[in-house]
Every structure is written in C-alpha cells, then in structure tokens.
Amino acid sequence: MFKKINKIVNSSQHGKVLVRCSSVLPKGFNNDRARKHIDPVAALACLLGTVAGPAYAGFDIPTGVAAVPPTASPSPLFGATEFSAPLLMFEEFGLRTMPASPPSNTNSIPGPIDCDKTPDGKDLDDFLKEPLHPFPTEAANDALPNAWATLVNDCAGTFGKTVLEGRPSGKYFAHQRWDEFFPKVYFQSAQTGARTNLGLRDQYQRHGYSKGEFGSGGLYHFNGTLNGTTKGLEVRIHPKMPVQKPEALWTFDGTFPPKLLMARYGEPVLFRHYNALPMDPLANSGFGSYTISTHEHNGHSPAESDGYTAAFFYPGEFYDYHWPMILAGHDSINNPASDTKAGYPDGNGGIIKIRGDWRETMSTHWFHDHMLDFTAQNVYKGNAAMMNYYSAVDRGREPKSIKEARGDRRKPGYGCHYANPQNVNLCLPSGNALDWGNRDYDVNLLLADKAWDQDGQLSFNIFNTDGFLGDRITVNWVYKPYVDVRARRYRFRILNGSVSRYFKIALVNEQGQRVPSHMIANDGNIMEHAVPFPNAQSADLPSQGIAERYDIVVDFKNFVGQKLYFVNLLEHENGRGPKQAIPLANVLNGSYKADGIKGDPGVGKFLEFRVRPCERRGRPISCTDFSMNPADYEDGGLKMIPLPTFDKAELDNAIHRKFEFGRSSGTDEQPWTIRTDGGRGLTMDPHRLSAAPVEGTAEIWHIKNGGNGWSHPVHVHFEEGQILKRGGVEPPIWEKWARKDVYRIGPLSDSTDSVDVAIRFREFAGTYMEHCHNTQHEDKAMLMRWDILNPLKPIVLPTPVPGWEGVSYEPSFVLPTYLDGCDSPSANCQ
C-alpha cells in the first residue's frame, strides 16, 4: 500500500501530477511544491476510502468497490424514504440590465479567513448584490491583481504578479464581435462551498413568489417548508439527511435549489463567474479541482466563451463569459430581420424581430464545468446549472382563452400557431401570469445518480477510468422526490446530468400501466414533429445518454387524486455502459431485484407525480388548458419547427471527417482515445488541433464506436447537427425530426456503433471541443480540440496555459488531416 502511495505521490508527466486524490495537487504546482503539501496519512486514508467506501457487494455500484467483502453497504439514507421529500424547483439567477457606464464601486469579492475555507455567506451575498464591477472589457482585464492576492502568496507561493480576470489575455481570447453584440443584461455568481441559502435570489425570480403556481396558494409557493422564499434552505439531499459540508459540495452561490438562467434571444448576456473555492487543493473531501472552466452546452457562442478545457481560472479570479444569444445563420439568413418567427418576447405581448434562421431556435440548455482532467468530479460536485432560451416560437406563455389563442393584433406574441398558422407562438404548456418565461407548468428536471459516505457526505471514486455510478437517484439534487401537479398538460425538460449513467424512462400510473407522453424537443431543439410514446419503435422514451435533454409533454387531466411515476429501466453493472433495458413488468412486480446484489440499485421508480385537483385554498379554480396539444403536431399534422435541411449540392461538396472513440493506443491511466481520420488513437492534448472546418462551410462527420461493448455519448460543441444515417440507415423517429449535439454510439437496442452527422459552421471562429460525455472517459482522456478557421485569417491559434500569474500561450500543432479530413491523401476513413 505504501509503495502504491509513493508511486501516486511521485508520478508525474511534464511536471504535473497524474493521479488525483486529497493528497495530490491539481495543475499549477510543480512536484517540489506538491510534495511539501502532501500528507501521507491523508493519502493512505484517501486510498483506503476509495477501496473500502460504501458499495453493494454484487454490482460495482457505487463504482470502485465490487471486490470488497460482503461488509460493504449502500449509501445510507438516515431514515429517508422514497417520495417523502418535495422536488426542489429551480431557482432563477435573474438578469440585471447592463450599466451604461462603469460603476464607482471598487470592492473586491470577499476572501476566506484561511487557505482551506470559503468566503462568509452573508459577505458573499452582499458582494453579489452590488452592481457589476469592474466594468467588462473586450480583452481580458489582467491589469488588476487577484482579489485574494495576499492569501495567494500565503497559500500558493510567491508570485511576481496575479490577475483578477482569469480569461486568457490579448487578442486570441478577446470577445468576438463585442461591440456588435454588447451585453444588454448580466448576472454574476460565485462557485463556492455548500452553505445555507440567505435569500439572495428571491428578488430576481420572475414570478416573484406572487404569480401563478409560485404565488400564495399555488403549488410551488411554499417550496417545501419555505413560504415564498429560499431563505433558510440548507444543502441537503433529503430533509432527513445531513447537511452537506463546504468541502463536499461546490455549486453556484454555494446554495440550493439548483440554479436556472432564463434568457431571451436577441438579448446578449454577460456571465461573470467568480471562483470562490478553497485555495488549499486538499480542502475538497478527496475529489474536485479548485480550478474551473464553464461550458454553455450548447450555445451558439464564440470560442473564448465556450469554456475551453485549458482556459480555466483560479480562486479569487473571475471569468467573463459573453453569450450573444443569436440565431445560427445570423450572417446569412433573414438579414433584414423581417421574419416574425425569428424573434423574442418584448415584455408586452409583442415580438422583437432579429436576424438569423428561426429553424435554428434552441430551448433547453445547461452549463457546467469543463476543467481539464476534472470535468467529471467538478460537475458531480455541483458545478452544473440549467438554462432556458425564450423566443417568439417558444415564448413560455400559453393563452388565457381561445380568443387570445386565435391572435390579437395588439399582442401578436400571445396568439397560438395551432389556432392560426399565421401565429408563431407554439403555446407549449407553461402558464400565463407573465409575458414570457412562465414555469407553472414547465418544469426543469436534472437527473443524476449520487453516492455518499457513512457520514452522508457526497463521495466519488477518482481512480476509476471506465465510468462512475452512484447507487441513489436524485432529481434536482433531491433523493427520489415527489412533485405536485395539476390535472392538465405539463412540459418537462429532462436533463441527464450524471457522470456515466444512462437512463431509459417509462411513465406509469399506480397500476403499472404506461401513460402516454409526447417528445417535443431533443437536445434542447424543438422538433419538426412531436413523437408519441408508446410508438411502433419504442414503448418508452429512448435511452438518454449523459448530457442529452428530452423535453416531453404529459397530460394529467384524467388522473386527479392519483400518483404517477417516472421509472428507470436501464441497467448498469459498472461504468462500461448500460447493459440492458429491464422489462417494465419485471421492475414493477419486484422480480427484478434492484438491491445492488442481484440488480442495479439505479433501476426503478425515481420521481412521483401527485395529481392535484384544480383548486386553491380549497376552492375550485378553472383548469381550462389552452396549451398546444402535441398530438396535433405528430407526423402528418402540423409542424413545430421545420428542420433546416441540407441541399444535395451542399452535401456533395462537404468535407468528410471520421472520429473513432475507443481504447486504441491508450495507457493505464488514460485509456480512452479518439482516432481522427484513420490515424492512431490519441488522448487529449490541448495543443493538438485535430480538425479545422472553415467558417461558413458544411461538413459531414462520421462518429464511430471502437467496439468491445462500450457506450459513448459523443458531444460536439457549438453547432447543432442533423443525423443523416444511424448505423447506415434512417435514424429513429425521435432523431429523424431532431437536431442534436449529443450522439449516442454503442450496443444498445436504440443506438448503433456509428452515426453520420451533417453540421454547418457559422458566425464565430476559434477553439472548440468534441468528446465523450461519459465524463470519466472525457477526463481519461477522450477529448479532442477542433477549431473553426476564419476564412480571411486562417491561423492556428496558440494554446492557453493558465497559472496564478496569469495566462501565457504555447505553440499549437496540427494533425496531417486537420484541414481536409477524409479528403486528405493521408486519411484512411474506411
């Protein structure tokens, strides 16, 4: 064991520690400094904890301890039972108007009292309430010192200088088209350790806890035990479970509920993300990095704001992310901004028209950490939030009457497409108390499996390279919650936010019978046609890989007083990938034992819907539902958002590229590789450019599985793609009518080992990524860089190298096929 510790402590490559544990420092420390900070006892404890932590004896869930004797146990529940805690509704960040000029305030984000601490919660809230300062700049502000400069020198070493903004300086990471898309609104948040919510965001909730179901007497006003506020809410995975410690869970503001950004097309956003994590890398409960990078998945945003994995920043710094909120095709389609379907709500029933292709409208996104080698740990630890895009076609408002649904010249944005084809609002289930962004009947759901130690603190296995699985399913960070719903239609935006677990969701009533639903969006993109479930190709929702989002509509009108359930049918034995879908009857009748010995503890019911009558404070209220009926939009009926198709000439002239995801040429510590255009398998190197499409062109990417039973949800940043073929044939109906950014490959019955995807590259240039979204695979190191080249200045950008003193650059290098892909003479794409 001590030889193992010594090997871990002393292993290095290019001066950087390879193995991650509480005894190992993240990047940015040389070996000599790292060894000074190593606690051998802590190292031993970390290794023993990894080997002997909580687990089931039969299945390797939680990951990493299947070989431990039968004394191993599941994550303890401390008396918590399933469906005994209310679902936490997401808390809005809230957007503020960008100030017209720099504010006079010069305060800095408050610092912690010591290297292993995070800032005081009240002090942090008081700072985040202040106007944005310093004022954002086109190029990074590297003139001001780190807000915690004194502590940096005490905790991290002596440096000649420090910086306040961690964005790489100079022209390469300057905000593209800054003046053209200058931010109209902003929000700021700090990544920090778990703490009690003090009500910071109450004033920024669009509903104000006074309107719709969030108002007094509504279903969600109480938010559990709290009366129209989040003040006093502790960070617990269940009310009966222990409070999470600041070292164990790091999230936005450090608080629950999980956070949601509600943004409109045409209203550019600036997100100032502060890093308020402990400066001591050991203060992490054994997992997670104190350096972070934020990826808005999958925004049409410039590369410098995409969250490149090597553009991370340190405690005491911030990074300004600039999200222009434009439609793809802004430069080439609908230039006069004359199409009413390309627009966004004006706040008073109208539509403000914008440039771009309305068929590229997106809806359900999320943003999360993308730190090099630490994405899995940091996202699992809490660095994840959801984001809803609002537009003319997806306004987040349904009509109050059929008259309003037909349309009104004074408030044209409220008219429904189903009532009059000239109207553009799809009128998806939402509510109507607000002009846009109603969430009464539009619910975000973040699914993730978790594990915790015998003290109830979040835990993670850092040594596993195949994939991490937890034994407890959470929704919006609550262990198997319930949610009250009205007897009407609802929209659910379902995100798989796990590290490695796939889901396959069935919706059933108390008798175990399937309840119909419709998929209306896939990966945040509203589809051309709604897809009913059950259907001829699948009785239940398709398998949902990590980071995939499925928006569905469910009608509860015939279930007053009843309970319905989401059920996960997809079995894992380990992190290799899902093994099989278990028949629904076997799950519900108990013949499948989801006990961790004979079956996967993640299989089974995980969310309960309690259907309430239409009443408020005991008095009947109208439950008339004027939201769209998705059955009207099935194939052969109306269209929601038509696909922006590729013409034959465009496809015939497209460059082809091949990316094979497997284990070819991998190492023990980094087994996962990507083969590009027939080359050898390569692990991640931020300096290497594997592909370089030219801005304004279209390409066809062939994404293939390396075999051997592994599954990979492959994510391509920035642009949405259309699946031309899955396994050489037409894709299933839920992909046929969809645009996507995550492409599942693997041996499941509703997946294949290959997909052929058509993608256009527009508006911005710079460095982006493609990777497996099983984030353990990504970190070990199934991740590659690709750049969009500016056709007027087709240069290969240098690679950022962050440090406490700021960000320097190193030269990049390219693969032989980076320009021409499979069309290159050196490529082998068979």
* To do: Output, in order, the C-alpha distance, side-chain angles, deciding distance and verdict of side-chain contact (heavy atoms from CB on, under 4.5 Å) for D306 and H295.
  => CA-CA 5 Å; D306 187 65; H295 169 52; 3.4 Å; yes
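- With respect to the salt-bridge test (charged N to carboxylate O, under 4.0 angstrom), the residues D756 and K725 do not qualify.
- Side-chain atoms of Y743 come within 3.5 Å of backbone atoms of G721 as a donor-acceptor pair (strictly under, hydrogens ignored).
- Panel note: side chain N496, backbone R501; a donor-acceptor pair is recorded below 3.5 Å.
- W672 and D466 make their closest contact through CZ2-OD1, 4.1 Å (heavy atoms, listed as atom of the first residue, atom of the second, distance).
- No side-chain donor from either of T63 and N461 sits under 3.5 Å from a side-chain acceptor of the other.
- With rounding to the nearest 0.5 angstrom, the CG atom of L541 is 8.5 Å from the CG atom of L507.
- Listed for the W452 side chain is a donor-acceptor partner under 3.5 Å among the backbone atoms of P76.
- With contacts defined as side-chain heavy-atom distances shorter than 4.5 Å, the pair S711/I745 does not qualify.
- Because its NZ or CZ atom is both nearer than 6.0 Å to the ring centre of W477 and within 45° of the ring axis, K450 counts as a cation-pi partner of that residue.
- Annotation: side chain of S500 is not in contact with side chain of H777 (no heavy-atom distance under 4.5 Å).
- When atom types are taken as modelled, the side chain of T251 and the backbone of G382 share a donor-acceptor pair closer than 3.5 angstrom.
- Rounded to the nearest 0.5 angstrom, L570 CG and D600 CG are separated by 8.5 Å.
- Distance check, rounded to the nearest 0.5 Å: CE of M782 to OG1 of T465 gives 11.0 Å.
- Within the cation-pi definition used here (under 6.0 Å to the ring centroid, within 45° of the axis), K259 does not qualify as a partner of F252.
- Using a cutoff of 4.0 Å between basic side-chain nitrogens and carboxylate oxygens, R744 and E548 are scored as salt-bridged.
- Side-chain N or O atoms of N525 include one that pairs as donor or acceptor with a backbone N or O of R739 at under 3.5 Å.
- At a threshold of 4.5 Å between non-hydrogen side-chain atoms, the residues F566 and F503 do not count as touching.
- Looking at T673 and L682, their side chains never come closer than 4.5 Å, going by heavy atoms from C-beta outward.
- Note that OH of Y550 is 5.5 Å distant from CE of M519, once rounded to the nearest 0.5 Å.
- Summarising the geometry, atom OH belonging to Y290 is positioned 16.0 Å from atom CD belonging to Q191; distances are rounded to the nearest 0.5 Å.
- Between R726 and D750, no side-chain nitrogen of the basic residue sits less than 4.0 Å from a carboxylate oxygen of the acidic one, so the salt-bridge criterion is not met.
- A side-chain donor-acceptor contact under 3.5 Å links N522 to the backbone of W734.
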* Asked: What's the verdict on side-chain contact (heavy atoms from CB on, under 4.5 Å) for F659 and K704, showing C-alpha distance, side-chain angles and the deciding distance?
  -> CA-CA 6 Å; F659 305 99; K704 297 184 179 293; over 6 Å; no
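- Between the side chain of S498 and the backbone N or O of I546 there is no donor-acceptor pair closer than 3.5 Å.
- Put simply, the side chain of I494 reaches to within 4.5 Å of the side chain of I552, judged on heavy atoms.
- W250 places no side-chain N or O within donor-acceptor distance of the main-chain N or O of S289, the cut-off being under 3.5 Å.
- Checked by atom type and distance alone, the side chain of N705 never pairs as donor or acceptor with a backbone atom of H712 at under 3.5 Å.
- Remark: K381 fails to qualify as a cation-pi partner of F460 under the 6.0 Å distance and 45° angle criteria applied to the six-membered ring.
- Residue D449 holds its CG atom at 5.0 Å from CD1 of I473, rounded to the nearest 0.5 Å.
- Under the 3.5 Å distance criterion, the side-chain polar atoms of R680 are left unmatched by any main-chain donor or acceptor of S665.
- For the side chain to side chain donor-acceptor pair (under 3.5 Å) test with N298, the passing option among H365, E720, K740 is E720; the others fail.
- Between R549 and D741 a salt bridge is recorded (basic side-chain N to carboxylate O distance below 4.0 Å).
- For the ring-ring contact (aromatic ring centres under 6.0 Å, His included) test with H370, the passing option among H717, H297, H715 is H717; the others fail.
- For the residue pair C822 and A827, the shortest heavy atom distance occurs at CA-CB, 3.6 Å.
- Of all heavy-atom pairs between P671 and D668, the closest is CD-O, 3.9 Å.
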* When you look at T375 and E778, which way does the side chain to side chain donor-acceptor pair (under 3.5 Å) test go after all the steps? -> CA-CA 8 Å; T375 296; E778 173 190 328; 2.9 Å; yes
* Does the pair W366 and V379 meet the rule for a side-chain contact (heavy atoms from CB on, under 4.5 Å), with working shown? -> CA-CA 11 Å; W366 65 309; V379 174; 4.3 Å; yes
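- Remark: of the listed residues T799, D685, T309, T799 is the sole one forming a side chain to side chain donor-acceptor pair (under 3.5 Å) with R785.
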* Apply the test side chain to side chain donor-acceptor pair (under 3.5 Å) to residues Y592 and E571: give CA-CA distance (whole Å), side-chain angles for both, the deciding distance (0.1 Å), then the verdict. => CA-CA 10 Å; Y592 181 84; E571 179 191 64; 2.5 Å; yes
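- Within the 4.5 Å cutoff, the side chain of F312 has no heavy atoms near those of the I292 side chain.
- Side-chain contact between Q544 and Y502: absent, with no pair of heavy atoms (C-beta onward) separated by less than 4.5 Å.
- Of all non-hydrogen atoms in T291 and N378, the two that sit nearest each other are O-ND2, 3.5 Å.
- The closest side-chain heavy-atom distance from K504 to P578 is not below 4.5 Å.
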* Kindly indicate, with the supporting measurements, whether the criterion side-chain contact (heavy atoms from CB on, under 4.5 Å) is fulfilled by D787 and Y818. => CA-CA 9 Å; D787 288 12; Y818 85 107; over 6 Å; no
